[in-house]
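First up is the structure itself, then whatever we jot down about it.
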Amino acid sequence: MADRPAGRAVVVGLGTVDPALVAEPLRHCATFVASPRPDDLAAAAGAIVRADAVIDKALLERMPGLRVLARTGVGVDLVDVAAATERGIAVVITPGSGTNAVAEAVIGMALHLSKRFGPLTDLVRSGRWAERNQMVVGDLEGSTMGIIGYGRIGRRVGWLAREFGMAVLAYDPVAVPPDDVGCADLGEIAARSDIITLHAPLTEATRHMVDGGFLDQVRPGAMLINCGRGALIDADAVLHALRAGRISGVGLDVFDPEPPVHHPLFDHPNVVLTPHLMGLSRRATAATFADAARGVADVLAGRRPAALANPEWTPARPSDHRLAAGGTA
């Protein structure tokens with residue numbers, strides 16, 4: 001059994017969670033267990049959940065006192081939100097903490113691809129200086145950034161793109177963007193954009209939204225960046241478009257599945273890959289974990305947290321809190 005003080009709520013880490021990043025928000029309300037054993041899971045009132053942790057009905061049944069799950073991020077693809085809601089469990093998300101980090105990554109990938117950093121590094125490294133005039137280096141200024149999914153991250157990407165002198169277009173399958181940037185459909189944004197970046201949620205409607213039909217409509221030489229969800233793209237179709245010269249470069253921070261099975265797309269010189277880390281810069285990581293811990297503390301104190309994946313959840317009555325903690329009504 002983990003060493004934990006009696007009478008305090010137990011909060012467990014599901015996935016790797018640095019205790020130092022959650023200690024302050026939980027200091028007055030709970031004991032945090034980073035590597036929970038079965039008895040810790042059974043006693044847990046809260047959990048801080050990493051993106052790769054699977055939260056299904058079987059796990060929830062092993063955690064009968066659980067009142068809150070807090071995701072370090074916004075994706076709940078691996079969380080059975082319906083089952084959690086049915087059990088009265090709040091599913092906290094942390095939508096604001098990684099916004100700027102992911103948006104910066106989009107611009108970074110756009111710069112990497114347009115400036116040809118990868119191929120030019122290889123050129124210098126391999127002593128092929130004489131070939132430098134054969135390489136075409138692009139510009140962000142004067143080009144058009146097409147943003148699919150215009151939520152917090154998409155809007156931040158748009159702001160940064162404008163600072164680089166880019167025009168901005170947007171399409172959102174859920175909420176209509178403002179008239180000054182909005183496109184009527186995917187075909188319009190494909191045809192008018194030099195760089196297409198994906199930030200839409202993953203649903204059955206958006207799965208493989210970037211497929212052969214979409215790529216047939218893109219402006220020749222466009223670049224594609226996905227820091228959203230891996231399954232938004234059909235990797236085979238993207239590779240075909242890249243080999244055919246329909247698109248000029250691809251940046252991926254997300255994959256389907258994760259970790260990914262090696263795909264021939266990964267070997268192309270005009271592809272830049274990162275292992276789903278762009279939302280976890282030093283600042284973003286600290287903010288994400290602190291926000292998740294604050295969400296747990298809010299629920300344990302009977303308060304409504306800042307953001308929920310199940311907004312229909314409501315705080316339990318004070319008597320329910322005592323019963324969940326093992327007290328009497």
Side-chain angles (χ1 to χ4, degrees), residues 11-18 21-22 25-26 29-30 32 44-57 59-60 63 66-103 105 149-157 172-175 198-203 206 227-232 253-254 258 276-281 283-316:
V11 175
V12 298
L14 299 177
T16 303
V17 177
D18 183 350
L21 297 179
V22 301
L26 297 177
C29 67
F32 179 70
I48 295 176
V49 181
R50 296 301 304 275
D52 56 354
V54 177
I55 312 299
D56 56 16
K57 288 183 179 179
L59 178 61
L60 294 175
M63 306 176 74
L66 193 67
R67 292 166 51 197
V68 54
L69 294 163
R71 261 285 286 119
T72 54
V74 296
V76 290
D77 307 11
L78 301 182
V79 177
D80 191 333
V81 176
T85 304
E86 188 176 309
R87 298 172 74 96
I89 299 167
V91 182
V92 172
I93 53 176
T94 57
S97 50
T99 296
N100 199 60
V102 176
Y150 206 58
R152 288 180 178 86
I153 295 173
R155 294 193 299 271
R156 183 62 177 172
V157 170
D172 195 305
V174 178
L198 307 178
H199 304 285
L202 179 62
T203 65
T206 61
C227 291
R229 289 287 176 264
L232 294 176
D253 182 51
V254 290
E258 291 185 355
H276 204 164
L277 274 178
M278 292 300 97
L280 293 173
S281 65
R283 282 190 175 195
T285 296
T288 296
F289 282 88
D291 286 350
R294 275 190 287 269
V296 169
D298 282 340
V299 172
L300 296 183
R303 298 186 296 266
R304 187 173 182 83
L308 289 163
N310 53 346
E312 65 273 30
W313 177 88
T314 56

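No hydrogens, no waters, no symmetry mates; every other heavy atom, side chains included, goes into these values.
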Tell me the closest heavy-atom pair linking [X] and [Y], and the distance in Å.
{"X": "Arg303", "Y": "Ala297", "result": "NH2-O, 3.9 Å"}
{"X": "Gly228", "Y": "Val254", "result": "O-CG1, 3.5 Å"}
{"X": "Phe32", "Y": "Gly13", "result": "CE1-N, 3.5 Å"}
{"X": "Arg87", "Y": "Leu60", "result": "NH2-O, 3.2 Å"}
{"X": "Val174", "Y": "Pro201", "result": "CG2-CG, 4.2 Å"}
{"X": "Arg156", "Y": "Ala103", "result": "CG-CB, 3.5 Å"}

Atom pair [atom1] ([X]) and [atom2] ([Y]), whose distance is rounded to the nearest 0.5 Å:
{"X": "Leu277", "Y": "Cys227", "atom1": "CG", "atom2": "SG", "value": "11.0 Å"}
{"X": "Phe289", "Y": "Asp18", "atom1": "CZ", "atom2": "CG", "value": "7.5 Å"}
{"X": "Ile48", "Y": "Leu21", "atom1": "CD1", "atom2": "CG", "value": "9.5 Å"}
{"X": "Leu59", "Y": "Leu66", "atom1": "CG", "atom2": "CG", "value": "8.0 Å"}
{"X": "Asp77", "Y": "Glu258", "atom1": "CG", "atom2": "CD", "value": "9.0 Å"}
{"X": "Leu78", "Y": "Arg71", "atom1": "CG", "atom2": "CZ", "value": "8.0 Å"}

Do [X] and [Y] have side-chain heavy atoms sitting under 4.5 Å apart?
{"X": "Ile55", "Y": "Val49", "answer": "yes"}
{"X": "Val17", "Y": "Val22", "answer": "yes"}
{"X": "Pro173", "Y": "Tyr150", "answer": "no"}
{"X": "Val157", "Y": "His199", "answer": "yes"}

May I have the step-by-step check of side-chain contact (heavy atoms from CB on, under 4.5 Å) for Val74 and Arg152, ending in yes or no? CA-CA 11 Å; Val74 296; Arg152 288 180 178 86; over 6 Å; no

Flag if over 12 foreign heavy atoms under 6.0 Å of CZ, Arg304: yes

CD (Glu86) with more than 12 external heavy atoms under 6.0 Å: no

CA sep, side-chain torsions, deciding dist, call: Val68, Val92, side-chain contact (heavy atoms from CB on, under 4.5 Å): CA-CA 7 Å; Val68 54; Val92 172; 3.7 Å; yes

Answer yes or no: is there a donor N or O on one side and an acceptor on the other, between the side chain of [X] and the main chain of [Y], under 3.5 Å?
{"X": "Arg67", "Y": "Val299", "answer": "yes"}
{"X": "Thr72", "Y": "Thr288", "answer": "no"}
{"X": "Thr94", "Y": "Ser97", "answer": "no"}
{"X": "Trp313", "Y": "Val91", "answer": "no"}
{"X": "Asp56", "Y": "Asp80", "answer": "no"}
{"X": "Asn310", "Y": "Ile89", "answer": "yes"}

